[in-house]
2 protein chains.
Amino acid sequence: MKLSTKGRYAVTAMMDLAIHDRDGPVTLADISNCQGISLSYLEQLFARLRQSGLVEGVRGPGGGYRLGKPSQQISVSDIIVAVDESIDNTRCKGNKDCNKGEKCLTHHLWNDLSERLYEFLDGISLAEFIKDPEVRKISRRQDSTASRIANMFPPRSKAS
Amino acid sequence: MKLSTKGRYAVTAMMDLAIHDRDGPVTLADISNCQGISLSYLEQLFARLRQSGLVEGVRGPGGGYRLGKPSQQISVSDIIVAVDESIDNTRCKGNKDCNKGEKCLTHHLWNDLSERLYEFLDGISLAEFIKDPEVRKISRRQDSTASRIANMFPPRSKAS
DNA sequence: TATAAAACCTACTAAATTAGTATGGATTAT
DNA sequence: ATAATCCATACTAATTTAGTAGGTTTTATA
């Protein structure tokens, strides 16, 4: 279990999808503008998310990405595991056979901790976030057609 | 809250100190040998840990590092915060004033998540790990004089 | 008191990861 | 046909992680 800005980008992008789930697909250009992440980098992240079945892409105009399954079934762990590579954290995987005895003891303890952390984040689903009162406000403000049209004239700050 | 191999090194090194707490100070050379981390890198990490009061150094022969406070009072969060720099994760700190409205909403949600994670890891102390049955076995095996002498003739693999 | 073990300190370099750029193709609504 | 969008690959830049090198200071102990 690793947690870096890369994972944060993926999680916040997925939150975005969850928030607008009923408004139809969200384009990466939107997320890029809204969250200040480069478009191509997002594409790389979403390639992974797609491979893991967490999102599905819709091609062509009006397309974008939408969640690959209900937000209740997508956990924070799922997202992080999808984008961060495996990390193979100790060689011996906590089997404590990598250097007989003490050397591996701390690896074993670390693996226990890592496992607890994973389970903790696995217990938090995307669905929890869209229940946030702030989210409901935003979400209500944008009916699907309005947001669709708005998406066609994005603010275009400077994020390519 | 960030979680990288750097944080892992610090946590496992601290576990080492906690395990051998009653055996007198543990040298960085030992940890370097046992865990395969370079000595100088450990020195850098321990400089931080010392600044945070999590460890105290004992100079001279027979010296090393020991815990700066009881293992019950040192949480995993404490350790990670000490070594990983702040990460200033979103500019606006979840105040949602960094770009009026939606842009910041996901930041806000991320901060909530980050906070929950922090609290989770803050609830796990070093003391919990040394209760592990494997640990007690190792710990019992090494009385203080034996380990002291052993430390003077380290295995010296290749870690400088 | 000389010696060596260790912490402590600083500057530099190497490796890995994260992030971004560039370019083009494939699909599809309009 | 056009343009919006996903999709894919290759490359570069920036940042972080990790290690190297060279010291100094402190201190137990022979």
Side-chain angles (χ1 to χ4, degrees), chain A residues 2-10 13 17 24-33 35-51 55-66 68 80 83-89 148-154 156 158-160, chain B residues 2-10 13 17 24-33 35-51 55-66 68 80 83-89 148-154 156 158-160:
Chain A
K2 194 167 89 171
L3 197 48
S4 60
T5 44
K6 191 177 182 178
R8 192 187 84 217
Y9 282 171
L17 259 55
V26 176
T27 68
L28 293 189
D30 268 3
I31 299 177
S32 173
N33 286 327
Q35 299 196 24
I37 310 168
S38 93
L39 180 58
S40 269
Y41 193 42
L42 277 172
E43 285 177 337
Q44 291 167 43
L45 297 181
F46 272 76
R48 302 259 198 154
L49 295 171
R50 193 168 53 86
Q51 282 157 24
V55 301
E56 55 186 26
V58 180
R59 290 174 144 199
Y65 283 95
R66 66 165 75 100
I80 290 171
V83 297
D84 284 335
E85 27 255 281
S86 56
I87 310 185
D88 80 314
N89 75 52
R148 177 74 59 85
I149 290 166
N151 287 348
M152 297 189 173
F153 303 98
R156 291 283 165 205
K158 67 174 191 301
S160 71
Chain B
K2 194 167 89 172
L3 198 47
S4 61
T5 45
K6 190 176 182 177
R8 193 187 83 218
Y9 281 171
L17 259 54
V26 176
T27 69
L28 294 188
D30 268 3
I31 299 178
S32 174
N33 286 326
Q35 299 195 25
I37 310 169
S38 93
L39 180 59
S40 268
Y41 193 42
L42 277 172
E43 284 178 338
Q44 290 169 41
L45 297 181
F46 272 75
R48 303 260 198 153
L49 294 172
R50 193 167 55 87
Q51 282 159 23
V55 300
E56 54 187 26
V58 180
R59 290 175 143 200
Y65 284 95
R66 68 165 73 99
I80 290 170
V83 297
D84 285 334
E85 28 255 280
S86 57
I87 308 188
D88 80 313
N89 75 52
R148 177 74 59 83
I149 290 168
N151 287 348
M152 297 190 171
F153 303 99
R156 290 286 167 206
K158 66 174 192 301
S160 69

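Convention: sequence-line order gives letters A, B, ...; per-chain numbering from 1. Note that the coordinates shown come from a computational prediction; the quantities given were computed from them, not determined experimentally.
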Subject >> Heavy-atom pair of closest approach, residues B/Pro25 and B/Gly62 >> reply: CG-O, 3.6 Å

Original post:
Whole Å only: how far is the CG atom of A/Leu28 from the P atom of D/dA8?
Top reply: 13 Å

Subject >> All salt bridge (charged side-chain N to carboxylate O under 4.0 Å, His left out) counterparts of A/Arg50, not counting sequence neighbours >> reply: none

Original post:
Nearest-Å distance, CG (A/Asp84) to C1' (C/dA16)?
Top reply: 14 Å

Original post:
What nucleotide, of C/dG20, D/dA18, D/dT5, holds the atom closest to the side chain of A/Ser38?
Top reply: C/dG20

**OP:** Nearest whole angstrom, please: distance from the P of D/dA8 to the CZ of A/Phe46.
**Re:** 14 Å

Subject >> Side-chain N,O (A/Arg59) to OP1/OP2 (C/dA29) below 4.0 Å >> reply: no

Original post:
Is any side-chain heavy atom of A/Lys2 less than 4.5 Å from a side-chain heavy atom of A/Ile80?
Top reply: no

**OP:** For the side chain of A/Tyr41, starting at C-beta, report the closest nucleotide among D/dA3, D/dC6, C/dA19.
**Re:** C/dA19

Subject >> D/dC7 OP1/OP2 closer than 4.0 Å to side-chain N/O of A/Tyr65 >> reply: yes

**OP:** Side-chain contact test, heavy atoms from C-beta onward, threshold under 4.5 Å: evaluate it for B/Leu42 versus B/Tyr65 and give yes or no.
**Re:** no

**OP:** Using heavy atoms to find the nearest nucleotide of DNA chain D for A/Gly57 and B/Gly60 separately, return the residue whose nucleotide is more 5′.
**Re:** A/Gly57

Original post:
Which whole-number value in Å describes the distance from A/Asn33 CG to C/dG20 P?
Top reply: 13 Å

Original post:
Taking atom C1' of C/dA16 as reference, at what distance in whole Å does atom OH of B/Tyr9 sit?
Top reply: 12 Å

Close N or O pairs between protein and nucleotides 9-16 of chain D (under 3.5 Å):
none

Original post:
Taking OP1 and OP2 of C/dA19, is either one under 4.0 Å from a side-chain nitrogen or oxygen of A/Arg8?
Top reply: no

Original post:
To the nearest Å, how far apart are B/Leu42 CG and C/dC9 P?
Top reply: 16 Å

Original post:
Side-chain N or O of A/Arg50 less than 4.0 angstrom from OP1 or OP2 on D/dC7?
Top reply: yes

**OP:** Without swapping roles, check the side chain of B/Ser32 against the backbone of B/Ser38 for a donor-acceptor pair under 3.5 Å.
**Re:** no

Original post:
Separation of A/Leu45 atom CG from D/dC7 atom P, in whole Å?
Top reply: 14 Å

Subject >> Partner residues of B/Glu43 under the salt bridge (charged side-chain N to carboxylate O under 4.0 Å, His left out) criterion, sequence neighbours left out >> reply: none

Original post:
Nearest 0.5 Å, what's the CG-CG distance between A/Leu28 and A/Asn33?
Top reply: 11.0 Å

Original post:
Taking atom P of C/dT17 as reference, at what distance in whole Å does atom CG of B/Leu3 sit?
Top reply: 15 Å

